[in-house]
Amino acid sequence: MQGTFGLSLPKESLIRTSAEYALCYAQGRRMHTRHFLLFVAPPAEGDEGVRLGTAVSRKTGHAVVRNRIKRVLRECFRLHLRRLPVSARIVVVAKRQAGSAALRLDDVTHELTDALNRYFHLS
RNA sequence: GGAGCCGGGCGGAUCGCCGCUGCGCUCUUUUUGUGCAGGAUGGGCCUUGUGCCUGCCGGCACAGAAAGGCGGAGAGGAAAGUCCGGGCUCCGCAGGGCAAGACGCCGGGUAACACCCGGGAGGGGCGACCCUCUGACAGCGCCACAGAAAGCAGACCGCCCUGCACGCAGGGUAAGGGUGAAACGGUGGUGUAAGAGACCACCAGACACGCCAGCAAUGACGUGUGCUCGGCAUACCACGUCUGGAGCAAGACCAAGUAGGGGAGGCGGCUCGCCCGGCCGUGUGCCUCCCGGGUCGGUUGCUUGAGGGUACGGGAGACCGUGCUCCUAGAGGAAUGGCGGUCCCGCACAGCCUGAUCCGUCAGGCUGCGCGGACAGAACCCGGCUUACAGUCCGACUCUCUGA
RNA sequence: CGGGAUGUAGCGCAGUCUGGGAGCGCACUUGAAUGGGGUUCAAGGGGUCGAAGGUUCAAAUCCUUUCAUCCCGA
């Protein structure tokens, strides 16, 4: 399991219950980037690797825009964030201006990896 | 060619790599259960038997699960707003009355509708065409300001007659004036003191009757009555028709699991609101509210349907019937995607070519580069309505300009 | 999924039911009183009444559609 995650995105690596979201909001460290607000919380008991949660409110835009942001975030997580040699639960909350920014995958990847590298003191 | 109007259609195409969710195959691997036959034979029980129970090893078959593999599918015309109408499900028995709400010319279509089709009337537009639709002699109201007067009777300035104290009183009149969105038919004449449907002719309308056409709304015609009668129900209201309530978080099943509590209130509670009626419960106890506690998982409902396509038939059309054919998303912190290439379309710029030219440019084509490709995401399912929308195609029609 | 409220001057609100003049307070501008400021007094400016259409002689008000914000219940 460890080392070669592959490129797949199983559902177990996503945060899916409101209890877990609430825990991340309460215990996580907050970090701001240009378009997102990150909550980084320690992993669950006996868990390894990185898990992702996304939250995009209606203030960000209509449904097509919100779905697009979530899909790009998941794609970024699948291709890059899961390979980080750490264990954590990360919740990404889209800010209001993320809706009108027409974000591409590369932009999001740079924005999030920079922030997380600073946080974990990597490279 | 330009401008417009109506109806219908499309809503970028394709390839590569990686990913997501169902479905199918059962090709691998693992595993569970059941059955069958077999091999070594271990343990236990006694009634010591060709006994019974249990365990080990691999094999085959069937069923299930997980991971991988292969195959195939995967957002819309509005999926949107949630404005109507149904299906479905439960509560329940919907029986009556009141209330409330929606709708409102006529006929038809439909499961139903506030939708659609056809017709009628009124209004707008040169026109194609578009918009609107019960009732104002059932009641109750409103019509500001201006104006004499705003609804049915009346008379400010005028006009005319009479009287006299000579600018006032009484009477007649509604032609003329001005106000207003709207002023009690219009034009011309007869008539008169002045006038007036007082009377006459024509025009417009209303009402009643008759008759014809039409299923009907309604329309045409004729006769009579001088009858001339305002608008607003998209204010209340009246009349007619319809409506039981909630909604897939409906509902059903399985699993897990705490408490069998405490307090307050009512004798009743439920049936959309109210009344009658009905049903349920009543001391080992009903109902409501609050506090406290547990669970907040899985399966199903869940996609084959008033379904799409096509041919023929019926109909003026909406639509209906019959035959053949197709299967086309089912998520759940919520899949249907990410990145890149090529092509297509539009716009702008640059260059070249061709044609026209009033030498300012204009039109078309090719190449290159850049930018852009809308509105918008299924959440039980249908039928509509409304709203948003880059661009584009097809068909019918109208007006106008020019040419033959 | 179901239900409700609000939108009027820069800000906070009334007026909407029952249709005819668009108002109130604060803020703003000008002037007066003061040596100056504050306070006070007087005068004044500022409005697509969220948007579009309809009914009406006339619409902030009535009707329909639509946009935005907010709040409940499951």
Side-chain angles (χ1 to χ4, degrees):
Chain A
M1 160 136 180
Q2 64 152 2
T4 56
F5 283 107
L7 296 172
S8 67
L9 182 65
K11 284 196 164 185
E12 295 78 49
S13 58
L14 296 178
I15 298 173
R16 302 174 73 190
T17 64
S18 60
E20 207 166 352
Y21 273 95
L23 190 133
C24 290
Y25 292 140
Q27 301 184 357
R29 283 283 309 272
R30 303 174 61 167
M31 298 162 59
H32 289 270
T33 69
R34 183 173 177 77
H35 298 103
F36 301 102
L37 170 63
L38 307 185
F39 290 85
V40 182
E45 200 70 21
D47 228 17
E48 283 193 21
V50 185
R51 297 176 62 230
L52 176 79
T54 58
V56 186
S57 83
R58 266 183 49 207
K59 291 180 181 177
T60 312
H62 54 233
V64 173
V65 171
R66 297 199 302 271
N67 281 344
R68 161 83 187 179
I69 292 170
K70 286 187 163 191
R71 283 164 177 162
V72 171
L73 284 172
R74 275 202 303 272
E75 198 71 8
C76 171
F77 173 74
R78 177 174 79 89
L79 295 173
H80 304 287
L81 301 186
R82 291 191 76 205
R83 296 160 170 266
L84 292 175
V86 296
S87 292
R89 285 183 284 194
I90 303 172
V91 174
V92 182
V93 179
K95 293 184 179 178
R96 188 185 286 264
Q97 58 265 34
S100 52
L103 291 171
R104 296 178 61 80
L105 179 59
D106 292 347
D107 308 333
V108 175
T109 304
H110 283 129
E111 195 172 322
L112 295 188
T113 50
D114 283 359
L116 291 171
N117 285 341
R118 266 202 312 281
Y119 177 75
F120 290 110
H121 305 294
L122 297 172
S123 66

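Just so we're on the same page: letters track the sequence lines, and every chain starts at 1.
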Can you tell me the base-pairing partner of B/U258? Count Watson-Crick or G-U wobble geometry only, both distances below 3.5 Å, and say none if there is no partner.
none

Name the stems with RNA chain C in them: runs of three or more consecutive Watson-Crick or G-U pairs, distances under 3.5 Å?
C:1-7 with C:67-73, C:10-13 with C:23-26, C:28-32 with C:40-44, C:50-54 with C:62-66

Per the glycosidic torsion and the 90° limit around 0, nucleotide B/U303 is syn

From CG of A/Asn67 across to C1' of B/G19 the rounded distance in Å is 16 Å

Applying side chain to side chain contact (heavy atoms under 4.5 Å, CB included) to A/Val72 and not counting sequence neighbours gives A/Arg68, A/Leu105, A/Val108

Identify whether the glycosidic angle of B/G86 places it syn (within 90° of 0) or anti.
anti

C/G73 to C/G20 separation - C1' atoms, rounded to the nearest Å:
43 Å

Enumerate the residue pairs fulfilling salt bridge (Lys or Arg N to Asp or Glu O under 4.0 Å) with a member in residues 20-32 of chain A, sequence neighbours excluded, ordered by first and then second residue.
A/Glu20-A/Arg51, A/Glu20-A/Arg89

Spacing between A/Arg16 atom CZ and B/A331 atom P, to the nearest angstrom:
12 Å

Starting from the 5' end of RNA chain B, give me the residue, A/Ala63 or A/Thr54, whose nearest nucleotide shows up first.
A/Thr54

Which one is paired to B/C199, where only Watson-Crick or G-U wobble pairs with both distances under 3.5 angstrom count?
B/G189

Joining Ile, Leu, Val, Met, Phe, Trp and Tyr whenever any side-chain heavy atoms lie under 4.5 Å apart, the cluster holding A/Leu23 also takes in none

Please measure how far the P atom in B/G247 lies from the corresponding atom in B/C339, and state the result in whole Å.
42 Å

Below 3.5 Å between N/O atoms, which protein atoms pair up with nucleotides 336-339 of chain B? Just atom names and distances, please.
{"from": "B/U336", "atom 1": "OP2", "to": "A/Arg71", "atom 2": "NE", "distance (Å)": "2.8"}
{"from": "B/U336", "atom 1": "OP2", "to": "A/Arg71", "atom 2": "NH2", "distance (Å)": "3.0"}
{"from": "B/G337", "atom 1": "N2", "to": "A/Glu75", "atom 2": "OE2", "distance (Å)": "3.4"}
{"from": "B/G338", "atom 1": "OP1", "to": "A/Arg68", "atom 2": "NH1", "distance (Å)": "2.8"}

Sorted by first residue and then second, give each salt bridge (Lys or Arg N to Asp or Glu O under 4.0 Å) pair with at least one member in residues 95-111 of chain A; sequence neighbours left out.
none

Distance between P atoms of B/C52 and B/G38 (Å, rounded)
15 Å

Which whole-number value in Å describes the distance from A/Arg58 CZ to B/A80 P?
14 Å

Where the chi angle of B/U223 falls, syn if within 90° of 0 and anti if not:
anti

Residue matched to B/C126 through Watson-Crick or wobble contacts both under 3.5 angstrom
none

Taking pairing as Watson-Crick or G-U wobble with both contacts under 3.5 Å, can you name the mate of B/U342, or confirm there isn't one?
B/A13

Integer angstrom distance from the P of B/C103 to that of B/G74
43 Å

Any-strand Watson-Crick or G-U partner of B/G294, both distances under 3.5 Å
none

Does the structure show a Watson-Crick or G-U wobble partner for B/C27, both distances under 3.5 Å? Name it, or say none.
B/G68

Distance in angstrom units between A/Glu20 CD and B/A334 P, rounded:
12 Å

A/Lys70 NZ - B/A334 C1' separation (whole Å):
7 Å

Co-membership, hydrophobic cluster, residues A/Leu52 and A/Tyr21, 4.5 Å side-chain:
no

With hydrophobic residues grouped by side-chain heavy-atom distances under 4.5 Å, do A/Leu37 and A/Val50 end up in a single group?
no

Taking the side chain as everything from C-beta on, heavy atoms only, tell me whether A/Leu116 gets closer than 4.5 Å to A/Val40.
yes

In whole Å, measure the gap between the P atoms of B/U21 and B/U322 for me.
45 Å

Syn-anti status, with the boundary at 90° from 0, for the nucleotide C/G31
anti

So do A/Leu84 and A/Thr113 actually touch side chain to side chain, heavy atoms under 4.5 Å?
no

If you group Ile, Leu, Val, Met, Phe, Trp and Tyr by side-chain heavy-atom gaps below 4.5 Å, do A/Ile69 and A/Ile15 land in one group?
no

Rounded to whole angstrom, note down the C1' distance from B/A396 over to B/A128.
10 Å

Can you tell me how far C1' in B/G86 sits from the matching atom in B/A114, rounded to whole Å?
14 Å

Euclidean distance, atom CZ of residue A/Arg51 to atom P of B/G333 [Å, nearest integer]:
13 Å

Could you list the residues that satisfy ring-ring contact (aromatic ring centres under 6.0 Å, His included) with A/Phe39, not counting sequence neighbours?
A/Tyr25

Could you state the OH-C1' distance from A/Tyr21 to B/A334, rounded to the nearest angstrom?
11 Å

Are any of the side-chain heavy atoms of A/Leu38 and A/Tyr119 separated by less than 4.5 Å?
no

Quantified in whole Å, what is the P atom distance between nucleotide B/A153 and nucleotide B/G139?
16 Å

Write down the distance between CZ (A/Arg82) and P (B/G19), rounded to a whole number of angstrom.
12 Å

In the strands shown, is B/G323 matched to any nucleotide by a Watson-Crick or G-U wobble pair with both distances under 3.5 Å, and which?
B/U310

Report the residues that fulfil side chain to side chain contact (heavy atoms under 4.5 Å, CB included) with A/His62, sequence neighbours left out, ordered by chain and then residue number.
A/Val64, A/Val65

Taking any strand in view, what nucleotide pairs with B/G141 in a Watson-Crick or G-U wobble way, both distances under 3.5 Å?
B/C232

Need the glycosidic conformation of B/G176: syn if within 90° of 0, anti if not. Which one?
anti

